[in-house]
Protein chains: 2
Amino acid sequence: MQNANLTMKKIAKELGVSVSTVSRALQNHPRIGSLTREKVQKLAKELHYQPNSRAINFKNNKSFNVGVVLPYLTEQYFSIALTGIEQTLMSKGYSMVVMQSMNDYERESAAIESLIKHGVDGILVSMASETYNKTHFNNATHKVPIVFFDRVLKHPRYSAVYGNITKAAFDAMEYLIGKGFTEIALMNGPNSLQSTEERLKGYIDGLKKYNIPVSASYIKNLNLTKEDTILKINELLDLENPPKVVLAFHDYIALDAMQICKERGLQINRDISFVTFSNLSFCSYLDNPPIATVEQFPAELGAQAAGLLLEAMETPDTYQPREIVVEPKLIIR
Amino acid sequence: MQNANLTMKKIAKELGVSVSTVSRALQNHPRIGSLTREKVQKLAKELHYQPNSRAINFKNNKSFNVGVVLPYLTEQYFSIALTGIEQTLMSKGYSMVVMQSMNDYERESAAIESLIKHGVDGILVSMASETYNKTHFNNATHKVPIVFFDRVLKHPRYSAVYGNITKAAFDAMEYLIGKGFTEIALMNGPNSLQSTEERLKGYIDGLKKYNIPVSASYIKNLNLTKEDTILKINELLDLENPPKVVLAFHDYIALDAMQICKERGLQINRDISFVTFSNLSFCSYLDNPPIATVEQFPAELGAQAAGLLLEAMETPDTYQPREIVVEPKLIIR
DNA sequence: CCGCTTTGCGCAATCGTTTGCACAAGCAGG
DNA sequence: CCTGCTTGTGCAAACGATTGCGCAAAGCGG
C-alpha cells in the first residue's frame with residue numbers, strides 16, 4: 001500500500017505549489033508554465049499518482065457504471081448477451097454491475113433499487129418472467145435511464161431492443177409445414193413475457209397460411225420451471241393425436257422435454273422432433289439435436305441495448321426512447 | 001426525473017433548519033428533538049429523498065463495489081461461481097462489477113486496472129490461462145485487496161480458494177482402475193494453471209499406486225482452444241495403443257474430444273469413455289455422458305472467496321491472507 | 001437565584017478534485 | 001510613463017453528506 005492515499009495535496013505540498021496548479025499541470029492546462037508542468041508530471045509519475053475516482057465521480061455526479069439485471073447468469077443465452085454488453089460499454093469506459101433476478105419479481109425490484117443506491121448511471125434490464133408489476137421500473141426511471149433487452153417492456157417511455165419473434169416463429173412454421181409436418185405443438189413461455197404473444201402469433205399465422213386448423217390442446221404456456229415443462233410435455237404426449245414436432249420457447253425447455261420423450265420410449269427426430277429458440281452451443285453436441293433453431297443473436301441484442309443506453313446517458317437532453325428490432329435467423333441442422 | 005437532484009440542502013431550506021439537523025434527523029440522532037425529527041423524516045419521505053451515494057462513497061472512501069475478473073462468462077462453470085459470489089456479496093450490501101479476460105493476459109491486466117480506476121473496494125480473480133506475468137496483480141494489490149478463486153495464484157501475499165485437484169484426480173483414477181481400466185489418458189490444461197500440475201500429480205499417484213506404468217504419450221497439455229483439443233485427441237487416437245478412458249480438464253474439452261471420437265467411428269462409453277472435471281448441467285442431457293465427473297462446487301468456491309474478500313475489505317488491519325481448499329467430489333453416472 | 005446538566009440545533013471543517021476569478025509580474029505599444 | 005495584454009499562479013467555492021464542537025435555552029437541585 002505504498003501510495004494508498006496519495007492526493008494532489010501531497011504533491012502540491014512537496015513541490016511548494018497550490019493544489020489547483022497541480023490539477024491544471026496534470027491536465028496540460030495552457031496557463032501553467034512548462035517548467036512547473038514538467039515538475040508536477042514528473043513527481044506524479046514517480047509517486048504513481050492516480051486520481052481518486054470516487055472524488056471525481058462525486059464531482060461529476062457520474063460513476064461510469066451501468067447496472068445489468070437479467071434472469072440467470074447461468075443461462076448461456078444471457079451470458080452471451082452480457083458479452084455483447086460488456087464490449088460496447090468497455091469501448092466507452094463504462095463497466096457493468098451485474099445482478100440476477102432469478103425470474104423473481106421481488107429480486108428484480110430489489111436489484112434495481114440496489115443499483116440505484118450504488119449510483120449506476122443507467123440500467124439494462126431483461127425482465128424476469130414473474131414480473132407483472134412495473135412500478136419498480138417507473139420509480140427507477142426517474143433517477144436513471146433504463147433500456148430493456150430481449151425480455152422487454154414495450155412502452156413509449158422505455159427503450160427496448162428485441163428480436164422479431166413473430167417472424168421467427170412464422171419462418172419456423174413455414175419450414176416445418178414445408179417439410180410435411182402438420183401436427184405441430186407450441187411450448188411457449190409465460191404470459192408475462194411480450195415474446196410469448198408474438199411467438200403465438202407467428203405460430204398461428206403459419207398454420208393459417210396453410211389452412212391447418214389451430215388446436216388449443218397443442219398450445220401450452222410454461223412458467224419456465226422444469227416441473228412445469230415435464231407436466232406440459234406429458235400432457236402433449238398424452239393427447240390422442242400427439243404432436244410430431246414441438247416448437248419450444250428455448251433450448252432448455254426442449255432438453256427437458258426431450259428427456260421425457262426418451263423416457264417414454266420415443267426416439268427424438270424419428271417419433272418426435274423439436275425446433276427451438278436460442279441456439280445454444282451445446283446443442284451441437286447432442287446426438288439428436290433440435291432439427292432447427294432460431295438464432296436470436298443475444299450478443300447483438302445486448303450490444304445494441306448498451307448503445308442506446310450510452311446515448312441516453314451521454315446526451316440525456318436530446319435522447320428519445322426508441323425500439324430496435326434485431327432480425328432472428330432460422331438455422332436448419 | 002421529478003427528484004433527480006434532491007439533496008439535504010433543499011430539505012433543510014424548505015424546513016428552515018440546517019443541513020446538519022436534516023442529516024442527524026434522518027439518522028435518528030438522539031440530540032435532535034422529536035418534533036424536528038418527525039418533520040424532517042416526513043418531508044424526506046414525501047419527496048422520496050435518497051442520499052447521494054456518490055457523495056457517501058467519496059466521504060467514506062468506499063464504493064461497496066467488488067470487481068470480478070474471470071476467463072469467460074459463457075462458461076457455465078464461471079457463471080455458477082459468479083452466482084455464489086453474488087449471493088455472498090449481496091448479503092453484505094456489495095455489488096459486483098464483472099469483466100472477462102477471455103484467457104488473455106492483456107485483457108486481464110487492463111480489466112484489473114480499469115476496476116481500480118472505477119474505484120472498487122476489492123477484486124476477485126480467476127486467472128486467465130495465458131497469464132504468465134503477475135506484475136498486474138502486484139500493482140493492484142497496493143491499492144485494493146485481491147482474492148483468487150479456482151484458477152489461483154499461490155503466494156503468501158494473496159488469498160486463494162481452490163479445489164483439491166490432486167485428490168480429485170487421484171479419486172477418479174482409483175475409480176477407473178477399480179473398474180479395470182489401465183489405458184487412461186490425461187487431457188490436462190495449460191502449464192500456466194496451478195491445477196494442471198496438481199491434476200497430473202493425482203493422475204500419476206493413481207497409476208503408481210496400482211503399478212501401472214506412466215506413459216508420456218498418454219499425457220497431453222492443452223491450451224483450451226478447440227483446435228488444440230482436436231489436435232490432441234487425434235494424437236491420442238492415433239497411438240498404437242489408444243486410451244480406453246480419457247481424464248479431461250473439463251467438460252468442454254471432453255465434448256469436443258467426444259465429437260472427434262464419434263467422427264472417427266468410435267462409440268462413446270463402449271470404445272472410449274471420458275471422465276471430466278466440472279460437472280456441467282447439460283452433460284446430463286447427453287445420450288452418452290462422461291462416465292464420471294468431478295464436481296468442484298464452483299458456487300462454493302466463489303462464495304468462500306467472496307467471504308475472504310469481505311473480511312479483507314472490512315478489517316484490513318487484522319486480515320491475514322490465507323487459502324481455503326474445497327474438497328471436490330467424484331460423481332459416478 | 002446561582003451554577004450545573006441536559007436538550008436542541010447550527011457552524012464549519014472535511015473528503016479530493018475542478019474551475020472561475022483575481023492578482024501580480026512582465027512586457028509591448030503608444 | 002501609463003495603459004492594456006499576456007503569462008503564471010493561487011484563492012476559494014463547489015459537489016453532498018457527516019460530525020466534532022460550540023452555543024443558547026431550558027430544567028433542576030441546593
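Below, all heavy atoms of this structure are taken into account, side chains as well, without hydrogens, waters or symmetry copies. The sequence lines fix the lettering, A, B, ..., with proteins before strands; numbering per chain opens at 1. Predicted model only: the values in this text are computed from it and were never measured.
Across the protein-nucleic acid pair, B:L6 atom CG and D:dC15 atom C1' stand 15 Å apart, rounded to whole Å. Rounded to whole angstrom, the span from the CZ atom of A:F58 across to the C1' atom of C:dT14 amounts to 11 Å. Whole-Å rounding puts the B:K59 NZ to C:dG16 C1' distance at 12 Å. Taking atom CG of residue B:N52 and atom P of nucleotide D:dA17, one finds them 6 Å apart after rounding to whole Å.
Residue B:Q27 has a polar side-chain atom (N or O) positioned under 4.0 Å from OP1 or OP2 of D:dT19. Look at B:Y49 and you'll find a side-chain N or O under 4.0 angstrom from OP1 or OP2 of D:dA17. Taking 4.0 angstrom as the limit, B:S23 places a side-chain polar atom (N or O) nearer than this to OP1 or OP2 of D:dT18.
Salt-bridge formation is not detected for the pair B:E14/B:K10: no Lys NZ or Arg NE/NH1/NH2 atom is positioned less than 4.0 Å from an Asp or Glu carboxylate oxygen.
For the ring-ring contact (aromatic ring centres under 6.0 Å, His included) condition, the pairs that include at least one residue of residues 61-90 of chain A, sequence neighbours left out, are A:F64-A:Y94.
The rotation axes computed at either terminus of the helix from C:dC1-D:dG30 to C:dG30-D:dC1 lie 70° apart, taking five pairs at each end and rounding to 10 degrees.
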For nucleotides 5-12 of chain D, list the nitrogen or oxygen atoms of the protein found under 3.5 Å from its nitrogen or oxygen atoms, one pair per line.
| unit_1 | atom_1 | unit_2 | atom_2 | d |
| --- | --- | --- | --- | --- |
| D:dG8 | N7 | A:R31 | NE | 3.2 |
| D:dG8 | N7 | A:R31 | NH2 | 3.4 |
| D:dG8 | O6 | A:R31 | NH2 | 2.8 |
| D:dT9 | OP1 | A:T36 | OG1 | 2.6 |
| D:dT9 | OP2 | A:G33 | N | 2.9 |
| D:dT9 | OP2 | A:T36 | OG1 | 2.9 |
| D:dG10 | OP2 | A:S18 | N | 2.9 |
| D:dG10 | OP2 | A:S18 | OG | 3.1 |
| D:dG10 | OP2 | A:T21 | OG1 | 2.4 |
| D:dG10 | O6 | A:R24 | NH2 | 2.6 |
| D:dC11 | N4 | A:S20 | OG | 2.9 |
| D:dC11 | N4 | A:R24 | NH2 | 3.4 |

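With hydrogens and angles ignored, the 3.5 Å screen pairs no side-chain donor or acceptor of A:S109 with any backbone N or O of A:E106.
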